[in-house]
Amino acid sequence: MADTMDWDKLRVFHAVAEAGSFTHAGETLNLSQSAVSRQISALEEALQVPLFHRHARGLILTEQGEALNRTVREVFAKLAMTEALLTESKEKPAGRLKVTTTVGFGSHWLAPRLHRFLELYPDVTMTLLLDDMDLDLAMREADVAIRMHPPRQPELVQRHLMDLDWHVSASPAYLKRHGVPQRPEDLDEHRLVLFGDYHPPVADVNWLASAGRRSSGPRRAVLEVNSLHGMTLALLSGLGIGALPDYMAAEMNGLVRVLPELKAPRVGVYFVYPEELRNSKRVAVFRDFLLAELTGQR
């Protein structure tokens with residue numbers, strides 16, 4: 001069995017399973033389509049089960065193929081984790097660090113600060129994966145995450161970084177035309193710009209729709225957009241009133257804050273990583289860098 005399930009065949013199988021075609025897998029592995037096909041046929045023959053259904057639009061895993069791929073994906077994830085730890089220098093942080101966070105926080109708060117971190121640690125390189133959906137750290141889709149909620153997986157290590165504050169804002173032109181709301185209830189008479197409900201980066205991102213609302217149901221938005229940057233530009237254009245997290249402050253020049261006393265939901269920001277990386281120097285120095293940056297800005 002050890003012969004039939006050698007690493008090369010499993011590597012090829014995993015690439016085909018993820019890519020869904022011999023051609024795309026071949027490009028990833030730098031092998032010809034026929035070489036990839038031969039490896040898969042040899043593996044199927046050795047195991048005496050079909051691993052793929054072949055059809056005109058590509059390949060679909062059989063039930064047996066799905067079972068094998070689940071295990072192979074896990075094995076390769078563990079190998080990547082081990083390799084990352086082994087290649088890290090004993091003296092200083094080195095190697096690649098894959099960081100994931102939301103599009104808004106990653107673009108507007110984190111990315112402009114990374115030059116300082118990478119100057120401090122020249123042997124570290126970074127991949128920044130911005131996604132409003134949570135990537136799977138246990139499966140090594142990223143090494144560490146900065147999340148706007150506590151981790152839902154119990155095996156992940158978490159460190160509270162900060163709490164978000166919110167700025168309810170509008171442009172001077174909008175307020176001149178429509179008046180300045182004095183109480184939360186006044187928002188019933190205003191045009192709201194809200195985050196689209198497609199994978200919101202924060203659970204209560206549209207809290208403004210219900211703030212001080214007397215009648216049932218939240219207020220409707222004049223515009224929904226699934227981008228905090230898009231919301232900011234819409235507010236700057238005079239379209240309406242919206243709530244933005246305080247890390248967007250640099251982009252909010254030109255907006256006027258309204259209802260500053262309005263109580264917003266508390267949103268915690270967390271630094272999250274798998275237990276296996278607890279002793280990683282890269283992870284430790286990045287966590288310390290984030291805490292220093294956050295302390296410096298307050």
Side-chain angles (χ1 to χ4, degrees), residues 101-113 130 132-133 146-150 160-270 290-291 293-298:
T101 190
T102 61
V103 176
F105 188 82
S107 305
H108 299 281
W109 190 89
L110 184 57
R113 290 168 167 78
L130 303 185
D132 288 338
M133 291 181 73
I146 301 166
R147 292 194 172 146
M148 311 298 138
H149 59 80
H160 180 264
L161 290 176
M162 62 187 273
D163 289 316
L164 291 184
D165 191 13
W166 298 85
H167 293 236
V168 183
S169 306
S171 72
Y174 173 85
L175 296 172
K176 188 176 180 183
R177 204 162 53 247
H178 297 277
V180 180
Q182 301 301 316
R183 303 169 305 154
E185 304 90 89
D186 296 346
L187 292 171
D188 286 356
E189 310 306 318
H190 282 271
R191 296 153 69 87
L192 294 192
V193 176
L194 299 177
F195 195 94
D197 61 2
Y198 179 76
H199 303 315
V202 178
D204 294 318
V205 70
N206 286 331
W207 62 274
L208 195 63
S210 303
R213 183 79 160 141
R214 286 197 181 122
S215 57
S216 61
R219 302 176 183 92
R220 292 185 62 182
V222 65
L223 173 70
E224 287 187 357
V225 54
N226 67 331
S227 156
L228 294 174
H229 183 59
M231 282 178 66
T232 308
L233 294 177
L235 295 176
L236 285 165
S237 77
L239 187 60
I241 294 177
L244 295 166
D246 55 355
Y247 63 73
M248 301 284 294
E251 284 73 25
M252 285 190 245
N253 282 335
L255 293 178
V256 176
R257 193 165 183 185
V258 296
L259 301 171
E261 302 304 313
L262 184 56
K263 196 165 175 58
R266 187 174 173 179
V267 175
V269 180
Y270 296 84
L290 292 175
L291 288 167
E293 286 287 321
L294 289 163
T295 306
Q297 75 169 26
R298 300 206 172 249

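Computed from a predicted structure; not experimentally measured.
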(message) Donor-acceptor pair, distance only, cut-off 3.5 Å: does the side chain of Arg219 make one with the backbone of Ala211?
(response) yes
(request) If a pair satisfies side chain to side chain donor-acceptor pair (under 3.5 Å) and one of its residues is in residues 250-270, list it, with sequence neighbours excluded. (result) His108-Glu251, Asp163-Arg266
(request) Go through the structure and list residues passing side chain to side chain contact (heavy atoms under 4.5 Å, CB included) with Val256, not counting sequence neighbours. (result) Pro172, Leu175
(request) Not counting sequence neighbours, which residues clear ring pair (Phe, Tyr, Trp, His ring centres under 6.0 Å) with Phe105? List them please. (result) Trp109, Tyr247
Identify every side-chain donor-acceptor pair in residues 221-231 under 3.5 Å, counting partners at least two apart or on other chains, and give the distances.
| residue | atom | partner | partner atom | Å |
| --- | --- | --- | --- | --- |
| Ser227 | OG | His229 | N | 3.3 |
| Ser227 | OG | Gly230 | N | 2.9 |

(request) Answer yes or no: is there a side-chain heavy-atom contact under 4.5 Å between Leu262 and Trp166? (result) no
(message) Would you compute the distance between atom CG of Leu187 and atom CD1 of Ile241 and round it to the nearest 0.5 angstrom?
(response) 5.5 Å
(request) Check Leu208, Val205, Leu235, Val168 against Leu244 for a side-chain contact (heavy atoms from CB on, under 4.5 Å) and give me the one that passes. (result) Leu235
(request) Taking side chain to side chain donor-acceptor pair (under 3.5 Å) as the test, write out the residues that go with His167, two or more places apart. (result) none
(request) Any chance you could measure Leu255, atom CG, to Leu236, atom CG, to the nearest 0.5 Å? (result) 4.0 Å
(request) Look up atom OG1 in Thr101 and atom CG in Leu290, then write down how far apart they are to the nearest 0.5 Å. (result) 9.5 Å
(request) Hey, could you give me the CG/CE distance between Leu161 and Met148, rounded to the nearest 0.5 Å? (result) 9.0 Å
(request) Measure across Ser171 and Gly238 and return the closest heavy-atom pair with its distance rounded to 0.1 Å. (result) OG-CA, 3.2 Å
(request) Under the salt bridge (charged side-chain N to carboxylate O under 4.0 Å, His left out) rule, collect the residues that match up with Arg191, sequence neighbours excluded. (result) none
(request) Mind listing the closest non-hydrogen atom pair of Leu192 and Ala209 along with its distance? (result) CD1-CA, 4.1 Å
(message) Could you work out, with ring pair (Phe, Tyr, Trp, His ring centres under 6.0 Å) as the rule, every residue matching His190, not counting sequence neighbours?
(response) Tyr174
Show every donor-acceptor pair shorter than 3.5 Å between a side-chain atom in residues 178-186 and any protein atom, with sequence neighbours excluded, or say none if there are none.
| residue | atom | partner | partner atom | Å |
| --- | --- | --- | --- | --- |
| Gln182 | NE2 | Val180 | O | 3.1 |
| Arg183 | NH1 | Glu185 | OE1 | 3.3 |
| Arg183 | NH2 | Asp186 | OD1 | 3.4 |
| Glu185 | OE1 | Arg214 | NH2 | 3.4 |
| Asp186 | OD2 | Gln182 | N | 2.8 |
| Asp186 | OD2 | Arg183 | N | 3.0 |

(message) Could you go through Val202 and Trp207, starting from their C-alpha distance and side-chain angles, then the distance that decides it, and tell me whether this counts as side-chain contact (heavy atoms from CB on, under 4.5 Å)?
(response) CA-CA 10 Å; Val202 178; Trp207 62 274; over 6 Å; no
(request) Could you tell me which residues satisfy side chain to side chain contact (heavy atoms under 4.5 Å, CB included) with Asn206, sequence neighbours excluded, listed by chain and number? (result) Leu194, Phe195
(request) Could you list the residues that satisfy salt bridge (charged side-chain N to carboxylate O under 4.0 Å, His left out) with Arg177, not counting sequence neighbours? (result) none
